[in-house]
Every structure is written in C-alpha cells, then in structure tokens.
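Sequence lines set the chain letters: A, B, ... in the order given, protein chains first and strands last, and positions in each chain run from 1.
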Amino acid sequence: MRKEIFIAIIIGFGLGLAITYGIWKANRTLQSNNTQTIITPTPQVQRDSALQNTPSPSGVILGIIDPVDNSIVKTENITLKGKTTPQAQVGILYGGGEKIVEADIDGNFTADITLSGGNNEITVTAFDKDGNQNRKIINVTYTTAEI
Amino acid sequence: MSKITKLFFVLLTLNFLLLASRFPLFAQDTTDPNADYLRDATKEKVRDQIQEDSALSLDNPKRAFAGEIIKITDNQVTLDTPRLGELQIIIPATVIIIGQNKAKTTFDKLQIGDYILAMGLLSSTTQLEGKRILVIDKPEPENRSIIFGKISDISKEEKVLTLKNEKRNEVYSLEIVSTSKMTKKAADKVTNIDITGLKTGDQVLVITTPSVNNPKMLSVQMLRVISAASQAQNDSALQNTPTP
C-alpha cells in the first residue's frame, strides 16, 4: 500500500512538472513576441498617422492649470498656464484683449494676461491641426482688497 | 474509485495549481502607440476633471463668484451663477457690501435680480461665506469668436478674406480693418504681416468681432497663419498617405 502511494506521488509530481513546463514555454514565446514589438522602430510618419486616426474620446484635450476657476488674485498681470494637444493653436479671449499662442510638443502653453479690476472671464479655445476644438471658460477676480 | 486514484488526482491538481501560479499569464501589450495615446488622453481627461473639480476645492478657500441673486433669506442669498448653477452665500454681520455707486451699503439693500460679485471663503462645494460683496453690472455676453479654417479667397482691393472650415462645413467672410493684427509663424519666429502676406490655402486661426459695417461679415481682430499654403497641402497629403 505505501509503495503504491509513493508511486502515485511521483507520477503526480512528474505530470505537474510537465504541465508547468508547457505553460512556462508558452509564456516565454509570448514574451519574446512582445519584446520584438518594443525593439522594432516605428516610423514617425506611421506613428503620427496612427495617432491621427485614433478617435479621441472628446476631441482636443484642454485643461487650465493656473489660475484656478473662480480664484482671487492680487496682481493685475498673471500667467495663464494650461495643457492641450501637442502643438495645438490656442486662442485666448479676456477683458483686456486677446492672444494666440501655440502649445509645445508636450501640449503645455502659457500666456501673459493683464486683468481688469473685478471679475474677469477668460475663454480659452484650443484647435488641433485638423480643426477639432475644445473650449474652456474660467473666471478670475482681481482685487487688492483683503479677503 | 480507489483511495490511490483519488490521492493521485488530488496531488496532480495541487502540483498544477502551485507550479502554474509561479508564471502569471502575460499582461496586455502596452507598447501599442494607440494604447499609449488613449492612456495619455485618459490621463489628461482625469487631470482636466481634477482641474475642474479644484474650482470648488476647499484647499484654497478664497473664491469669488459672480451671479444673479435669485433668493434672499435672513442671513444668506442664493446666486444663480452662469456655469456652476446655484450657490449659497452666507452673509455674516462683518461682510462688506459695495453698491453700484461704489459706496458701502447694507444687506437689506440687496434685491432679487441684482448681479453681484461675492468674494469670500468657500465652506462647502455649494456655499461661500461672504467677506466682500460688490453689486455690479451684468456682464455683456462675449461677442468675439475664434475661428479656424483655410483661406479660400482673398480680395486684396476690398481687404476681404473668405475662410472655409471644412470640419464644420462653414464659410466665413472676414474684413481686414486698420486695427487687425496679423502674424505668421515661420521657423519658430512670429512676424507681423499685412494682406499681401496671405495666400489662398493658408491655414489660419482668427479672432473676430461682428462687423460694424456689414452684419454678414466678421472683422479680424487678430489673425495667425498657422500653416502656409504649401505646408498645409503637404500636411494634408501626409494625412492621406495610407499607413503601410
């Protein structure tokens, strides 16, 4: 009886090892295929084309990092900072004027803005090179009064 | 089934589970440029949402909201703000209220329909503790617009451009006036240009106002040539090139 159990354990262990080796081999083959994808250089044009063809969930990305919407500032001159699609054209409308700036390759953009006293509505619209657009509006209050 | 057979299957299953779990299945391929792009887009979307949410964040509670008074109670007013909807403004005894005549006034002088700029400390996402309140004129709606398109026609004598936005299937007539500021970006340098520097096919971004002389026309406030005619055509050709 003990001998039979011992044989069963050995056979079970052997079969387990064989199956595990099979799984390990299959995983290794998959890994090797994926490593090849990393090494293969992707031509820039192809990559750009792929990006253009990828449907963006909401068109052009646009976020205003600073100043925060409905914030209060104590200085007349501020720098508006935002992030959008790389190299997008950004039009900015504010009480004291308007600006057109271009986002850098990372999508960052800045614009120096002169505020009027009180409430200032700032409209920021970003366009990618295909004409897709996104718009954000923020309000910033300029006051020297202590709040 | 004999005990040995049962034991055999139990051991076989144990071996399989223990050893196979040593090698997890390979994860999703993350090197696909489309996947990278979508991941980045999602990150941006989240960042954008955080930025929007931070408008009502309590980290820096000093905020100002403009809106119309729609309700007044003993110590608070309800504002209807253009983009955030209703907001409660608590009016403590120490609040400073400035009327439209720039003179100090009192809480009881505020009326439903007044447009105010309420500055104070945000105490919750829908409540502001008022510190300073200004009664102001209701702001005029923005009459400027930003348009994007390709120049399809130029009349240099009349100083009129026709701009076509193919994406929106819209055509605009733009007049160039003496105050129009026009620039072109070439080799990372922005230079001033006049109408002679514009060509049919140029891709432009324009900030306009309604024309004083012609209601069907827009006046150019600011124009930027984004991509010159030949470059725009090249970009277009590049986009149409099928990916191998």
Under 4.5 Å to a heavy atom of chain A? For B/Glu166 that would be neither
Rounded to the nearest 0.5 angstrom, the CZ-CD distance for B/Phe148 and A/Gln89 is 7.5 Å
Value for CG (A/Asn70) from CG (B/Leu122), rounded to nearest 0.5 Å, stands at 9.0 Å
Counting only N and O atoms by type, is there a donor-acceptor contact under 3.5 Å from the side chain of B/Arg224 to the main-chain atoms of A/Ile100? yes
- Message: Around atom NZ of A/Lys99, are there more than 12 heavy atoms from other residues, nucleotides or ligands closer than 6.0 Å?
- Response: yes
Among residues 114-126 of chain A, residues within the sub-4.5 Å heavy-atom range of chain B, in order of number, are A/Gly118, A/Asn119, A/Thr125
Side-chain donor or acceptor of A/Glu98 paired with backbone N/O of B/Ile207 under 3.5 Å
no
On a heavy-atom basis, the closest approach of A/Thr141 and B/Ala64 is OG1-CB, 3.2 Å
Assert top hit (heavy-atom pairs under 4.5 Å, partner chain A, pool B/Ile96, B/Leu117, B/Leu223) equals B/Leu117
Between A/Asp69 and B/Arg63, does the side chain to side chain contact (heavy atoms under 4.5 Å, CB included) criterion hold? Intermediate values first, please. CA-CA 9 Å; A/Asp69 191 15; B/Arg63 293 298 155 90; over 6 Å; no
To the nearest 0.5 Å, atom CD1 of A/Ile92 lies from atom CE of B/Met222 at 10.0 Å
Highest number of heavy-atom pairs under 4.5 Å with chain A among B/Leu121, B/Leu205, B/Ile136, B/Asn165 belongs to B/Leu205
Bottom line for B/Leu134: the part with an atom under 4.5 Å from chain A's heavy atoms is neither
Output for pair (B/Ile147 CD1, A/Phe127 CZ), nearest 0.5 Å, gives 8.5 Å
Here the gap from B/Ile226 atom CD1 to A/Gln87 atom CD, rounded to the nearest 0.5 Å, amounts to 12.0 Å
Is there a donor-acceptor pair under 3.5 Å between the side chain of B/Arg83 and the backbone N or O of A/Ile137? yes
If one checks every heavy atom of A/Tyr94 against chain B at 4.5 Å, the contacting part turns out to be backbone
So, the part of B/Lys62 with a heavy atom under 4.5 Å from chain A: the answer is both
Interface check, chain B: of A/Gly97, A/Gly82, A/Gly22, most non-hydrogen pairs under 4.5 Å belong to A/Gly97
Among B/Arg144, B/Met119, B/Lys131, the residue with the most heavy-atom pairs under 4.5 Å to chain A is B/Arg144
